[in-house]
Amino acid sequence: MGRDVPAMVFTREDRRRYRIKMQECLDAFAQMLRESRFESERPQVGLEIELNLVDGEAEPAMRNSDVLEAIADPAWSTELGRFNLEINIPPRRLTAGGPDAWESEIRAALNHAEQRARSVGAHLIMIGILPTLRQEDVGEAALSENPRYRLLNDQVFAARGEDLRIEVDGDDRLRTYADTITPEAACTSTQFHLQVSPEEFAGYWNAAQAIAGVQVALAANSPFLFGKELWHETRIPLFEQATDTRPQEIKVQGVRPRVWFGERWINSVFDLFEENLRYFPALLPLCDEQSPAETLDRGDVPELSELTLHNGTIYRWNRPVYAIAHDKPHLRVENRVLPAGPTVADTLASGAFYYGLTRALVEEDRPVWSRMSFSAAEDNLHTAARHGIEARLYWPGMGEVPVPELVLRRLLPLAHRGLERSGMDEAWREPLLGIIEQRCVTGRNGAVWQKEMFHHLDDTTHVGRHEALRRMTRVYSDYMHLNAPVHTWPVD
């Protein structure tokens with residue numbers, strides 16, 4: 001959904017043409033899979049990080065256009081809200097450049113952007129939900145200027161026909177309505193990309209689905225929304241609700257949501273794109289002039305523009321990606337479950353755990369998804385979002401088990417094995433996965449630190465809830481720049 005689109009009104013003819021064109025794209029995609037036309041010999045990994053903009057007082061800064069102009073780097077782009085930005089880190093081989101190369105590259109890019117943002121009175125912060133965000137900050141005026149966001153907003157509400165209901169129960173209770181999709185902008189995430197061959201795609205997607213709950217439990221970093229203390233990873237229920245095109249009557253009929261975990265293990269990447277067409281009406285029925293069939297007949301690579309645009313408006317927690325690089329098509333699993341932050345060190349530790357564990361699970365003789373129901377994996381995701389690292393999750397052969405025990409006894413050794421098979425030696429693996437180990441040993445991640453720091457400030461300063469959240473956010477920002485893993489952050 002990063003593609004620029006014009007401001008326009010869609011007709012019934014637009015939707016009819018788009019439906020036909022999507023089917024043509026799906027047919028071409030099936031042909032490409034049959035003919036093995038995909039690049040898979042030198043698979044790469046990638047990373048996108050969404051960030052919030054704040055002012056000097058750690059309040060949201062609606063300055064993304066000004067900050068983008070100051071950064072002047074095509075790797076950076078707007079997101080839905082004026083207080084958001086996103087950086088797309090260039091893809092690479094997982095073990096390229098030595099142990100510190102990727103971290104140094106990311107930190108250099110973020111430090112440069114922070115320096116440029118300061119020149120226009122803003123600062124960058126990596127966090128799942130900005131704790132100082134108020135509900136009045138996410139009205140219509142907070143939509144970014146790019147017409148695609150306004151168009152997407154209009155199409156969601158045209159489909160829904162009524163205001164959005166946002167309802168989350170945690171330590172506090174949130175009950176509110178929204179007349180734009182801008183509350184979605186409160187959700188800032190880390191997205192890991194993994195290029196895979198068509199033959200391996202189903203295994204890697206299934207593995208990513210199976211561990212989604214564990215990932216969220218370990219890395220939860222979104223306990224506050226609109227001044228209320230809710231789930232450890234409130235971003236999960238907020239994102240599900242803030243883009244829901246279904247009124248209540250449609251929900252009870254069993255119509256699938258556009259933010260979707262899925263409903264089954266898959267056998268092929270084709271299953272996911274076919275589901276997209278089968279279950280979801282187009283939000284942005286924009287057609288281009290390219291004929292996929294004619295392009296294939298010429299021996300060229302089709303863009304499949306309609307298929308990919310539609311895929312970008314269906315928010316799977318693990319999403320298939322079709323893309324073209326250097327004139328060759330490839331497939332990626334886009335892992336979307338994790339929040340942003342707290343630090344680059346934490347981010348890369350979470351990435352190492354994900355990349356290593358998925359590889360190990362794919363290579364097992366009896367895959368985990370053959371021993372675990374799909375509904376159990378989905379239940380794990382929501383249990384983890386609610387309780388974070390304190391959650392108890394189901395795992396085959398262990399039953400329902402505390403997350404630290406599951407990771408330390410079963411999953412961390414697998415992650416080491418997967419990274420080793422990817423060519424990463426122990427001296428490189430140990431610092432990365434050691435951060436995951438210490439999160440489990442200490443029981444501390446970003447959500448735990450935020451909650452503890454907030455209550456410490458609230459109890460000792462008596463300055464009021466919002467001021468305590470603001471002070472906590474400023475301390476968070478200071479520690480973020482130090483790049484010490486969050487399990488080492490003090491509360492004082």
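These values consider heavy atoms only, across backbone and side chains, with no hydrogens, waters or symmetry-generated copies.
- We find that R439 and D346 are joined by a salt bridge, their nearest charged nitrogen and carboxylate oxygen being less than 4.0 Å apart.
- Between A70 and S119, the shortest heavy-atom contact is CB-OG, 4.1 Å.
- Between M126 and T343 the shortest heavy-atom distance is CE-C, 3.6 Å.
- Listed here is the closest heavy atom pair of A376 and Y394: CB-CD2, 4.0 Å.
- A salt bridge links E467 with R470: the closest approach of a Lys/Arg side-chain nitrogen to an acidic carboxylate oxygen falls below 4.0 angstrom.
- When side chains are defined from C-beta on, N52 does not count as touching L124, because their heavy atoms never get closer than 4.5 Å.
- In this structure, the ring of W489 has its center less than 6.0 angstrom from the ring center of Y479.
- For the residue pair E184 / T243, no side-chain donor-acceptor distance below 3.5 Å is found, with atom types taken as modelled.
- Side-chain polar atoms of E39 and H326 form no donor-acceptor pair below 3.5 angstrom.
- Test H382, R235, R258 against E240 for side-chain hydrogen bond (donor to acceptor under 3.5 Å, both in side chains) and you get one pass: H382.
- Side chain to side chain, T182 and E140 fail the donor-acceptor criterion of an N or O pair below 3.5 Å.
- Between atom CD of residue E363 and atom CG of residue L361 there is a gap of 10.0 Å, rounded to the nearest 0.5 Å.
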Pair L433, L412 - check side-chain contact (heavy atoms from CB on, under 4.5 Å), show working.
CA-CA 8 Å; L433 295 182; L412 203 56; 4.1 Å; yes
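- N84 and T188 are not linked by any side-chain donor-acceptor pair at a separation below 3.5 angstrom, with hydrogens and angles left out of the test.
- Here the two rings, on F224 and W231, have centers that are 6.0 Å apart or farther.
- At a threshold of 4.0 Å, the pair R165-E167 counts as salt-bridged, since one of the basic side-chain nitrogens sits closer than that to a carboxylate oxygen.
- In this structure, Q450 contributes its side chain and N221 its backbone to a donor-acceptor pair below 3.5 Å.
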Please walk me through it: do L419 and D425 pass side-chain contact (heavy atoms from CB on, under 4.5 Å)?
CA-CA 8 Å; L419 291 180; D425 63 34; over 6 Å; no
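- A tilted orientation is assigned to the rings of F261 and F374, their planes being inclined by 30° to 60°.
- A salt bridge is defined here as a Lys NZ or Arg NE, NH1 or NH2 lying under 4.0 Å from an Asp or Glu carboxylate O, and E263 with R256 meets this definition.
- Here the options are T132, V138, D137, L130, the test is side-chain contact (heavy atoms from CB on, under 4.5 Å), and the partner is R134; only D137 passes.
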Please determine whether side-chain contact (heavy atoms from CB on, under 4.5 Å) holds for the pair Y149 and D154, giving the CA-CA distance in whole Å, both sets of side-chain angles, and the decisive distance to 0.1 Å.
CA-CA 9 Å; Y149 301 117; D154 293 345; over 6 Å; no
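- When all heavy atoms of R410 and M398 are compared, the pair lying nearest together is NH2-CG, 3.5 Å.
- The side-chain contact (heavy atoms from CB on, under 4.5 Å) test applied to E105 returns I89, P90, R92, W102, not counting sequence neighbours.
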Can you list the steps and then say if F454 with W449 is a ring-ring contact (aromatic ring centres under 6.0 Å, His included)?
CA-CA 8 Å; F454 163 73; W449 183 88; over 10 Å; no
How far apart are the C-alpha atoms of S77 and N88, what are their side-chain angles, what is the distance that settles it, and do they pass the side chain to side chain donor-acceptor pair (under 3.5 Å) test?
CA-CA 8 Å; S77 61; N88 193 332; over 6 Å; no
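- For E364, the CD atom counts as densely surrounded, since its 6.0 Å shell holds more than 12 non-hydrogen atoms of other residues, nucleotides or ligands.
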As a quick check of understanding, evaluate salt bridge (charged side-chain N to carboxylate O under 4.0 Å, His left out) for R444 and E452, giving each step before the final call.
CA-CA 10 Å; R444 302 182 61 75; E452 289 185 358; 2.6 Å; yes
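- Between E114 and R107 there is no salt bridge, since no side-chain N of the basic residue sits under 4.0 Å from a carboxylate O of the acidic one.
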Side chain to side chain donor-acceptor pair (under 3.5 Å) between H387 and R392: does it pass, once the steps are laid out?
CA-CA 8 Å; H387 300 292; R392 296 176 62 90; over 6 Å; no
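- What you find for G128 and S222 is that their closest heavy atoms are CA-OG, 3.2 Å.
- A donor-acceptor pair shorter than 3.5 Å cannot be found between the side chains of Y355 and N335.
- Checking each of V441, I435, N445 against H487 for a side-chain contact (heavy atoms from CB on, under 4.5 Å) leaves exactly one that passes, namely I435.
- A salt bridge does not link R471 to D458: none of the charged nitrogens lies less than 4.0 Å from a carboxylate oxygen.
- By the 4.0 Å N-to-carboxylate-O rule, E233 lies too far from R386 to be salt-bridged with it.
- Donor-acceptor pairing under 3.5 Å is recorded for the side chains of Q191 and E50.
- The heavy-atom pair separating P490 from D492 by the smallest distance is CB-OD2, 3.8 Å.
- One finds a salt bridge joining D244 and K251 here, because a Lys/Arg side-chain nitrogen approaches an Asp/Glu carboxylate oxygen to under 4.0 Å.
- Looking at R63 and D66, a side-chain N of the basic residue comes within less than 4.0 Å of a carboxylate O on the acidic one, giving a salt bridge.
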